[in-house]
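Take a look at the structure set out below.
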Amino acid sequence: MWTNMTAFRPLVILPIRSMHVVSKATKWISPSILFRPSTLFTRAHNKWTKPSGHDTGVKAYNSLTKQKEPLILAQEGIATWYSCGPTVYDRAHLGHACSYVRFDIIQRVLSRVFGVSVVHVMVITDIDDKIIRRASEESISPTVLARMYEEEFKNDMLALKVLPPAAYLRVTDNIPQIVSYIEGIMRNGHAYTTHMGDVYFDIRSIGDRYGKLMGVSDPVCETGVSEKRDSRDFALWKASKPLEPSWSSPWGKGRPGWHIECSTIASSVFGRQLDIHSGGIDLAFPHHENEIAQCEAYHQCGQWGNYFLHSGHLHLKGSVDKMSKSLKNFITIKDFLESYSANEFRMFCLLTKYRSAIDYSDASMDEARSSLATIAAFNQDAQAYMRGPLQCKAVQEEELWEMLAQTKLSFINALADDFDTPRAVNAIMSLIHHGNRQLQPITKPDGSAKSPAVFGAVLTYVREVLEVLGVDLVDKPEARSLSHSGTLENVVEQLVRFRSDVRAFALSVDDVPCGEPAPARPTPRPDRVPLLKACDTLRKDLAHSGVYIKDRGTTSTWEIS
């Protein structure tokens, strides 16, 4: 708790009209009365306090402590989670996608592996300097511009298979709550007004408590402002300017500052305590730093958010700069999805730790695509083995069962260790590699007993864990179109079976007369060579249509891809 004992009075949320009177009076109170001496706060308050509650069994890297901490939730099986959404003045790019996909993976893991229901709320910043500027350039209203790009963002997230939050909350729908929140901060003595009608957070009023995330003692100040008491102070409310959208407040017409929107909306949903706050590492300072200051000043608490999770930047290969609209080095999500699939981008994200910077390049996407191709090939071969067309030597069944058990343990342990998806995916790929080694085809059955059950178990597990991570092997356009009718699949099956029969006939050779040595390498009869060529031509032609046939001795398997 804070040591400022004068602040320990019941916090009464007054109606807007009543608070108008309070705030009008507060506006003219001497700055010396509003100022709370920093000596009332001690350095000890900057220490992170381990929450009391229910341990999830997961360790997460907490930006507040710069180390992994046990993830403990206030309510058993429930995680309250707030994230900063987009400022909707342009299309979302891959840098945004990377952060949202990575946190989507973590939320899926928490809910589907560790049994935690994530209550996720995201803010949509639909009023901002950038929105106003872009709307002016395009001669449309800021509201129309914001709604247009908000809709595009939501569609992009759906295309990337990012689960939507419990609610998207717009800033402009919460202006009364923001005004009320600012008044609460002012009543507690941590904000002041200027004669121009701006409201600023008073950094000195919280002493050395500022800088919990980044340890910043002298933040970069806002330029062009001369009425601030301290260069580090930041805007809670901005007085209106000509031709800008504005709302009424006790301090005159204006609009919210950037940071106050998140503090207000997170508090309006989750109250004085939040389990998890997430965002890109570029938001840690000043945005998240200022959020913490505002929330703890409003709620008069020593620790508002228990865990801050930050994702690393996405860079174009060879560039030290993050992907950014201001640097014009970005690729929009819509453009990206014309060349790659959502599954491929998700695998690209899974192959690095969520906290790490990630390099985007054709080579890195090829690696993700190759991993998915390996999984798809195993999926096809395992099914072919179970159905019968794929003949193999005797399978080391006990060894594969043991490998499956070890993989399950390794997968969970990796995810419990700060959501280490590269290690988790590596465990899955090792299992697949082990299975592939036992699916080596033979040309003729050798009488070995088959082991379809173990491959069924492995295949089911691989599908399940990939689905947990948001990768669906079945979810591709061809599969979706076939889900309504099995006609095309049946036609292909019959065609491939007919081709296999013709090919087996063409490859057959005459029996060797008794007493004569068998040829080292039997060759088909000359009159049947045209049949083999026709089979090869059909295979090549079908490949152009997305039907791929693999010949395995005298039998064949196929897939639509």
(request) Go through the steps for V123 and Y168 under the test side-chain contact (heavy atoms from CB on, under 4.5 Å), then give the verdict. (result) CA-CA 6 Å; V123 71; Y168 287 109; over 6 Å; no

(request) Would you mind checking if D202 and K228 are paired as a salt bridge, meaning a charged N to carboxylate O distance below 4.0 Å? (result) no

(request) Decide, yes or no, whether a salt bridge links D104 with R346 under the criterion of side-chain N to carboxylate O below 4.0 Å. (result) yes

(request) Write down the atom of I206, the atom of A293, and the distance for their closest heavy-atom approach. (result) CD1-CB, 3.9 Å

(message) Please check: side-chain N/O of R102 versus main-chain N/O of Y354, any donor-acceptor pairing under 3.5 Å?
(response) yes

(message) For H259 together with H288, are the ring centres under 6.0 Å from each other?
(response) no

(request) Enter the distance from I178:CD1 to D173:CG here, rounded to the nearest 0.5 Å. (result) 10.0 Å

(request) Output yes when a side-chain donor or acceptor of W81 lies under 3.5 Å from a complementary backbone atom of L274, and no otherwise. (result) no

(request) For the pair R355 and D418, find out whether any cationic side-chain nitrogen is under 4.0 Å from an anionic carboxylate oxygen. (result) yes

(message) Could you check whether any side-chain N or O of S240 sits under 3.5 Å from a backbone N or O of G254, counting only pairs where one atom can act as donor and the other as acceptor?
(response) no

(request) Start with the C-alpha gap between Q300 and H190, add the side-chain angles, then the distance that decides, and say whether side-chain contact (heavy atoms from CB on, under 4.5 Å) holds. (result) CA-CA 11 Å; Q300 294 287 272; H190 301 293; 3.5 Å; yes

(message) Any heavy-atom pair between the side chains of L110 and L71 that's under 4.5 Å?
(response) yes

(message) Between D417 and K68, does any side-chain N to carboxylate O distance fall below 4.0 Å?
(response) yes

(message) Keeping D420 on the side-chain end and L415 on the backbone end, is there a donor-acceptor pair under 3.5 Å?
(response) no

(message) Salt bridge check, R112 against E467: does any charged N sit closer than 4.0 Å to a carboxylate O?
(response) yes

(message) Between the side chains of K59 and E69, is the shortest nitrogen-to-carboxylate-oxygen separation below 4.0 Å, so that they form an ion pair?
(response) no

(request) Tell me whether the centres of the aromatic rings in F234 and F201 are closer together than 6.0 Å. (result) yes

(request) Considering only NZ, NE, NH1 and NH2 on the basic side and carboxylate oxygens on the acidic side, decide whether K238 and E244 come within less than 4.0 Å. (result) no

(request) Report yes if the distance between the aromatic ring centroids of Y89 and Y149 is under 6.0 Å, otherwise no. (result) no

(message) Rounded to the nearest 0.5 Å, what separates atom SG in C349 from atom CE in M347?
(response) 10.5 Å

(request) Check for a donor-acceptor pair, side chain of D233 on one end and backbone N or O of Y200 on the other, with a separation under 3.5 Å. (result) no

(message) Salt bridge check, D128 against K130: does any charged N sit closer than 4.0 Å to a carboxylate O?
(response) no

(request) Give a yes or no on whether the backbone of D275 and the side-chain of T80 come within a donor-acceptor separation of less than 3.5 Å. (result) yes

(message) Before we go on, tell me: are the rings of F336 and F330 under 6.0 Å apart, centre to centre?
(response) no

(message) Using side-chain heavy atoms (C-beta onward) and a distance below 4.5 Å, is T65 in contact with N62?
(response) yes

(request) State whether the side chain of N174 and the backbone N or O of I265 hold a donor-acceptor pair below 3.5 Å, judged by distance alone. (result) no

(message) So that I can tick it off, tell me whether E151 and K154 are bridged by a salt bridge, with the cut-off set at under 4.0 angstrom between side-chain N and carboxylate O.
(response) no

(request) Could you tell me which non-hydrogen atom of G95 sits nearest to which non-hydrogen atom of L314, and how far apart they are? (result) CA-CB, 4.2 Å

